[in-house]
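Let me begin by presenting the structure, written as structure tokens, before commenting on it.
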Amino acid sequence: MELNSNQIREIIPHRYPMQLIDKITDFVPGEWAEGIKCVSVNESFFQGHFPQEHVMPGVLIVEALAQTGAVAILSDEEFKGKIALFGGIKNARFRRPVRPGDVLNLKTEITERKGPLGFGKGVATVDGKVVCQAEISFAIMDAEK
């Protein structure tokens, strides 16, 4: 099952410039999601990171993995209409730089849930090569109206 950028916006609250996933290519609600981020030279963060050598900030790659996981968990009927907040990041590893023109493939699996708290594992690849992996914890809460 695929979701386009507008459908993603119906699930997670992120908007420009912080919506970091362009498309969900497949997912199982409450379990896992796969998506893509098409990295463009027009990204606002490239103005300062780094003007002479464009590299996507690692923290934004982890954020893209978290948003992919948020689509997985928040598409579960139990959590529809809620938001997922970062609880923590463990064992983040960055293997190679992500540059304009790269297609960032994102996969996040929800590994454990305890009520409104949960854990996931994410892997980001470009051309089949791992660029980032991380363990993420999150808390689910009601969105303020």
Side-chain angles (χ1 to χ4, degrees), residues 1-110 116-145:
M1 183 168 19
E2 287 188 0
L3 300 173
N4 64 36
S5 59
N6 292 314
Q7 293 167 312
I8 292 166
R9 293 172 85 162
E10 294 174 13
I11 299 170
I12 62 174
H14 303 79
R15 301 293 182 264
Y16 176 84
M18 286 304 297
Q19 183 175 339
L20 296 176
I21 44 179
D22 296 322
K23 180 178 178 180
I24 293 294
T25 54
D26 200 8
F27 72 106
V28 172
E31 296 183 24
W32 59 268
E34 293 181 349
I36 60 170
K37 163 71 176 154
C38 299
V39 181
S40 165
V41 71
N42 291 317
E43 309 283 353
S44 61
F45 52 78
F46 285 136
Q47 294 177 37
H49 199 273
F50 302 100
Q52 73 283 7
E53 183 72 26
H54 294 150
V55 175
M56 184 173 182
V59 68
L60 294 181
I61 299 170
V62 174
E63 173 66 23
L65 287 168
Q67 289 181 24
T68 304
V71 169
I73 197 70
L74 298 177
S75 61
D76 188 314
E77 203 57 48
E78 178 182 358
F79 300 118
K80 282 192 176 175
K82 297 187 182 281
I83 60 171
L85 300 176
F86 254 125
I89 303 166
K90 270 178 46 178
N91 300 319
R93 298 288 180 266
F94 303 96
R95 306 285 182 206
R96 55 188 72 230
V98 175
R99 302 181 188 285
D102 286 344
V103 175
L104 196 56
N105 292 284
L106 307 155
K107 179 164 187 179
T108 304
E109 175 186 359
I110 306 303
L117 304 177
F119 302 88
K121 286 186 180 180
V123 178
T125 62
V126 171
D127 295 329
K129 296 177 181 151
V130 174
V131 296
C132 175
Q133 56 198 58
E135 297 170 39
I136 300 164
S137 60
F138 58 88
I140 298 169
M141 60 184 288
D142 291 327
E144 290 188 21
K145 304 274 181 200

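Side chains are part of it too, since the values below use all heavy atoms of this structure and drop only hydrogens, waters and symmetry mates. Counting begins at 1 with the first residue of the sequence.
- Remark: side-chain polar atoms of Ser137 are paired, donor with acceptor, to backbone N or O of Gly88 under 3.5 angstrom.
- When all heavy atoms are compared, the tightest approach of Ile110 to Gly30 is CB-O, 3.8 Å.
- Not one N or O on the side chain of Glu77 forms a donor-acceptor pair closer than 3.5 Å with the backbone of Pro29.
- Counting heavy atoms from C-beta on, the side chains of Thr68 and Lys107 never come closer than 4.5 Å.
- Atom CD of Glu109 sits about 11.5 Å away from atom CD of Glu135, to the nearest 0.5 Å.
- Considering every non-hydrogen atom in both Ile11 and Ala70, the closest pair reads CG2-O, 4.4 Å.
- Within 6.0 Å of CG in Asp127 there are 12 or fewer heavy atoms belonging to other residues, nucleotides or ligands.
- Here the straight-line distance linking atom NZ of Lys121 with atom OG1 of Thr108 works out to 12.5 Å at 0.5 Å rounding.
- The side-chain heavy atoms of Lys82 and Asp142, taken from C-beta on, include a pair separated by under 4.5 Å.
- How far CG of Asn4 is from CZ of Arg9: 10.5 Å, rounded to the nearest 0.5 Å.
- When every heavy atom of Ser75 is checked against every heavy atom of Ala72, the shortest pair comes out as OG-O, 3.0 Å.
- With contacts defined as side-chain heavy-atom distances shorter than 4.5 Å, the pair Val62/Phe94 qualifies.
- The nearest pair of heavy atoms linking Gly120 to Phe138 is N-CE2, 4.4 Å.
- The shortest distance between side-chain heavy atoms of His14 and Leu20 does not fall below 4.5 Å.
- Between Asp102 and Val131, the closest side-chain pair of non-hydrogen atoms is not below 4.5 Å.
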Using distance only, find each side-chain donor-acceptor pair of residues 43-58 under 3.5 Å and give its atom names and separation, not counting sequence neighbours.
{"from": "Glu43", "atom 1": "OE1", "to": "Lys37", "atom 2": "NZ", "distance (Å)": "3.3"}
{"from": "Glu43", "atom 1": "OE2", "to": "Lys37", "atom 2": "NZ", "distance (Å)": "2.8"}
{"from": "Glu43", "atom 1": "OE2", "to": "Ser40", "atom 2": "N", "distance (Å)": "3.2"}
{"from": "His49", "atom 1": "ND1", "to": "Val55", "atom 2": "O", "distance (Å)": "2.7"}
{"from": "Glu53", "atom 1": "OE2", "to": "Arg99", "atom 2": "NH1", "distance (Å)": "2.9"}

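- Between atom CG of residue Leu106 and atom CD of residue Glu63 there is a gap of 11.0 Å, rounded to the nearest 0.5 Å.
- For the pair Arg95/Gln133, a side-chain contact is recorded, criterion being any heavy-atom separation below 4.5 Å from C-beta on.
- Scanning both residues, Asp22 and Cys38, for their nearest heavy atoms gives OD2-N, 2.6 Å.
- Within the 3.5 Å criterion, the main-chain N or O of Met1 finds a donor-acceptor partner in the side chain of Asp26.
- Remark: Glu10 pairs with no residue by the side chain to side chain donor-acceptor pair (under 3.5 Å) rule, at least two apart or across chains.
- Interatomic distance, CG of Leu104 versus CG of Leu60, reported as 10.5 Å (0.5 Å rounding).
- Under the side chain to side chain donor-acceptor pair (under 3.5 Å) criterion, Asp76 pairs with Arg113, not counting sequence neighbours.
- Here the CG-CD1 distance, from Leu65 to Ile21, works out to 10.0 Å after rounding to the nearest 0.5 Å.
- Heavy atoms only, all atoms of each residue included: Val71 and Ile8 are closest at CG2-CG2, 4.2 Å.
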